[in-house]
Protein chains: 2
Amino acid sequence: MSDLLRHRPGYALRRAANAMMADLAGRLALIDLRIAEASVLLLVADRADATASDIGRTLDIQRANMVPLLTRLEAAGLIERRPLDGKSQAVLLTPSGRARRAEADAITTAFEADLLARIAPEHRDHLVPALDRLWSHP
Amino acid sequence: MSDLLRHRPGYALRRAANAMMADLAGRLALIDLRIAEASVLLLVADRADATASDIGRTLDIQRANMVPLLTRLEAAGLIERRPLDGKSQAVLLTPSGRARRAEADAITTAFEADLLARIAPEHRDHLVPALDRLWSHP
DNA sequence: GCGGATGGTTATTGACAATAACATTATGCG
DNA sequence: CGCATAATGTTATTGTCAATAACCATCCGC
């Protein structure tokens, strides 16, 4: 019955992303992080001078949606906002944020290993390159 | 800056699904359908005796969430609910629903062609099989 | 016949994303 | 330098999809 949709790449992509996100969300909930929050933590570690807008641009999160996200991370004591000038502000990890980031990194790394393990070896290496083309420059 | 996340299959999957759904939603909006609604229409055509619960199980949509979905389709005159017994109800396409389904089919088919066209030929055939394993039997 | 499973329904909640509008500040061009 | 323009952060609201809990009526198997 579901064969009609199963072979459709759009549908398969939607279902796969959905299942994946539910799994990952469950794992990240153990350290009280949502997926979007974890992605910010993972990204921020790199650059100490990244502004909220920078991060949003990289993660494709609208400026407006960054606000509650960063507010929540700040309230949890994981990040700190430091004004760069009168307009922009840098997002910095607190020590507690660095620790949480390490946990998130471990969780996501294990998660992605599990994810790849489910894919047949002959398909495995093609997944990321294929997906990349679907969002890199729409 | 984004290289940290770009090679992560989970992140790539999320971003790709997101971009894909935004594109598809835009195309389906032209015929006043949302993605979930279109998937129901496409599925229902096959079986005239499919109940709401059946459809939900196949599409992995909770019973509770099927209600407003079907209500909206019914209000738009695209489907009809016919009681099978005192408990279950079959979901049937109206003539108008069949026409809309054909439009949705054309749109999604063209969409998926465009989607696959963006993927390098050597990766193309691996996408659906890889995705399939991520949701078929979690 | 009866108890447990199933179908439909209501209501509520959560996560992520999009849009519009606004005030403030930075920037670059003339 | 001054000023139009762009960029930043923010508030508020909306939409889509999904999950949960609770409820009642009905079907089904023993």
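All values derive from a computational prediction rather than experimental measurement. Naming: A, B, ... by sequence-line order, numbering from 1 per chain.
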- Query: How does each nucleotide of nucleotides 22-30 of chain D score, in 5' to 3' order, for protein heavy atoms under 4.0 Å: base (B), sugar-phosphate only (S), or none (-)?
  - Reply: ----BS---
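One axis for each end of the helix from C:dG1-D:dC30 to C:dG30-D:dC1, each built from five base pairs, and the angle between them comes to 30° at 10° resolution.
Listed by residue number, the members of residues 66-76 of chain B with any heavy atom below 4.0 angstrom from DNA chain C are B:Val67. Using a 4.0 Å cut-off on heavy atoms, the residues of residues 29-40 of chain B that approach DNA chain D are B:Arg34, B:Ile35, B:Ala36, listed by number.
Nucleotides of DNA chain C nearest to B:Arg57 and A:Ile61 differ in position, and the one nearer the 5' end is that of B:Arg57.
Looking at A:Leu28 and A:Glu37, their side chains never come closer than 4.5 Å, going by heavy atoms from C-beta outward. When side chains are defined from C-beta on, B:Leu41 counts as touching B:Ile79, because their heavy atoms get closer than 4.5 Å.
The ring pair (Phe, Tyr, Trp, His ring centres under 6.0 Å) pairs that include a residue from residues 60-86 of chain B number zero, where partners must be two or more places apart or lie in different chains.
For A:His126, the ring-ring contact (aromatic ring centres under 6.0 Å, His included) partners two or more places apart in sequence, or in a different chain, are B:His123, B:His126.
The side chain of A:Arg81 contributes an N or O atom lying less than 4.0 Å from OP1 or OP2 of D:dT10. Proximity of B:Gln62 to the phosphate of D:dA18: no side-chain N or O atom is located under 4.0 Å from OP1 or OP2. Using a 4.0 Å cut-off, no side-chain N or O of A:Gln89 falls inside it from OP1 or OP2 of D:dA7.
Remark: the B:Thr71 side chain and the B:Arg81 side chain contain an N/O donor-acceptor pair separated by less than 3.5 Å.
Ion pairing between a basic and an acidic side chain is recognised when a charged N comes within 4.0 Å of a carboxylate O; B:Arg8 and A:Asp105 show such pairing. Of the charged side-chain nitrogens involved, at least one lies within less than 4.0 Å of a carboxylate oxygen, so that B:Arg27 and B:Asp114 count as a salt-bridged pair.
Of the residues B:Leu115, B:Leu42, B:Ile35, the one that meets the side chain to side chain contact (heavy atoms under 4.5 Å, CB included) test with B:Thr108 is B:Leu42.
Counting atom types as modelled, A:Asn65 pairs a side-chain N or O with a base atom of C:dA18 as donor and acceptor under 3.5 Å.
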